[in-house]
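Lettering of chains follows the sequences in order, A, B, ..., and the numbering in each one begins at 1. FYI, side chains are in, hydrogens and waters are out, and symmetry mates aren't considered; it's all heavy atoms of this structure.
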Amino acid sequence: MPRTLSDEEKTQVYEHIRQFLSDELGVPLDTIGPETKIIDDLGGDSIIYLELIEEFKKKYDVSVEIRAIGRYFQKHPIRTVGETARAVYDIVEKGDGIVEALD
Amino acid sequence: MSPKPRSFDVHRLFFSLANATRVALFDFAAAPTLADAVSTHLTERERLRLEGLGSGRRGREWLAARICLKESLVRSGVIASPRDCEVGQDERGRPRLSLGPEALGAPPPDCALSHGGRWAVSAWTDLPGVKVGVDIEPRSARWAERRRSAVGADDDAAPDLAPSDRAAVLWTLKEAAAKALGTGLAGALDSAVREERGTLCRIEAADGRRSFGRSLIGPGWVLAVAWWNERSSSCRAH
Ligand SMILES: CC(C)(COP(=O)(O)OP(=O)(O)OC[C@H]1O[C@@H](n2cnc3c(N)ncnc32)[C@H](O)[C@@H]1OP(=O)(O)O)[C@@H](O)C(=O)NCCC(=O)NCCS
């Protein structure tokens, strides 16, 4: 269900992403910041993005078609941890509406 | 004198597209060491790029993918030695091959790379106007959990596979097609896979471009190759 995230929830999302990347990619947590590049700096790949999407769709009970997420990523490429956090805020807050929000 | 290039155990796989797509698989975890290849397989520019990536997993995968492609080109006689070609990239990260002067002005093949787990895979074609893409992923039960993100409502192919394998097959086809088109992850997410005929699938991008692809399930991996004809905006297998 789309909803508005408070600043505190946004911080939680950001921290959750950092922890998730640290666990999945075996990288120390303190080396992951908003400017860290997921593929180039952390050795991540496209699967880590799929799993992140899955994680947050489940956690926030958001139903959004993957094609809509693809369209969103085309407009807002998410190379860094900070960009990923912003994408998750948008997906959670707008759900399937993220595509209309692009126009 | 430059050292004699060591040959790596790269396996050739075959996907039929007018006999013009060569796919090679390299189990680099089984290779004793990749370090020799830095001097025998890489050009100066490639060496500098590798230095920037470091010696961790990312650097190792990057190097393995270049070994895989260059060995495949040497074995097919396109180049005499791995250092006779260089793998650069375009502004979107798509790999771009350039051949040394020994190639006598022949247009370089189009190529694609992927690495996943212990494997690297390369694909190339010299069919004019055809762009290739390739993707490999470890085969694992985790694909069952990734299914909701990898498979969309528009996907209509490989119905008989187990859910985890189906998700891996559809996703590798989408990524391979996105690499052929150069659209990356965003393009893969916003595409649909449909059955064309037999084992051939059609991958439809959001902008209407159609690629064709085949997938293969091996011991521990799932891979797919896709091709797109920039001249006809779609490319059919013969
Ligand atoms: C291309 C992409 C889908 C790769 O998928 P992956 O599963 O992570 O990694 P793979 O091992 O299968 O493929 C990596 C190879 O794809 C190739 N590649 C990268 N960008 C590409 C593009 N736009 N088109 C075609 N091929 C590309 C590269 O050769 C790369 O290997 P290298 O780094 O050794 O040169 C993904 O990295 C991507 O979308 N990159 C574009 C920019 C980006 O970082 N986007 C972030 C999300 S929006």
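Within 6.0 Å of atom CG in Asp90(B), more than 12 heavy atoms from other residues, nucleotides or ligands are found, so the atom counts as buried in its surroundings. Within 6.0 Å of the CZ atom in Arg194(B), the count of heavy atoms belonging to other residues, nucleotides or ligands exceeds 12.
Shown here for Ser149(B) and Leu50(A), the closest heavy-atom pair between the two residues is OG-O, 3.3 Å. When every heavy atom of Leu189(B) is checked against every heavy atom of Ile69(A), the shortest pair comes out as CD1-CG2, 4.1 Å.
Using a 4.5 Å cut-off between heavy atoms, Arg147(B) does not touch chain A at all. In this structure, the portion of Glu145(B) lying under 4.5 Å from any heavy atom of chain A is its backbone and not its side chain. If you measure heavy-atom distances from Ala192(B) to chain A, the contacts under 4.5 Å come from both the backbone and the side chain. If you measure heavy-atom distances from Glu65(A) to chain B, the contacts under 4.5 Å come from the side chain alone. For a residue to count as touching a neighbouring chain, one of its non-hydrogen atoms must lie under 4.5 Å from one of that chain's; by this rule Asp135(B) does not touch chain A. Looking at Arg57(B), the atoms closer than 4.5 Å to chain A (heavy atoms on both sides) all sit in the side chain, from C-beta outward. Neither the backbone nor the side chain of Trp62(B) has a heavy atom closer than 4.5 Å to any heavy atom of chain A.
With chain B as the partner, the residue from Ile47(A), Asp40(A), Ile39(A), Asp45(A) showing the most heavy-atom pairs under 4.5 Å is Ile47(A).
Look at Glu54(A) and Arg148(B) and you find a salt bridge, because one of the NZ, NE, NH1 or NH2 atoms lies within 4.0 Å of a carboxylate O, short of that distance.
Judged by distance alone, the side chain of Arg67(A) and the main-chain N or O of Gly152(B) form no donor-acceptor pair under 3.5 Å.
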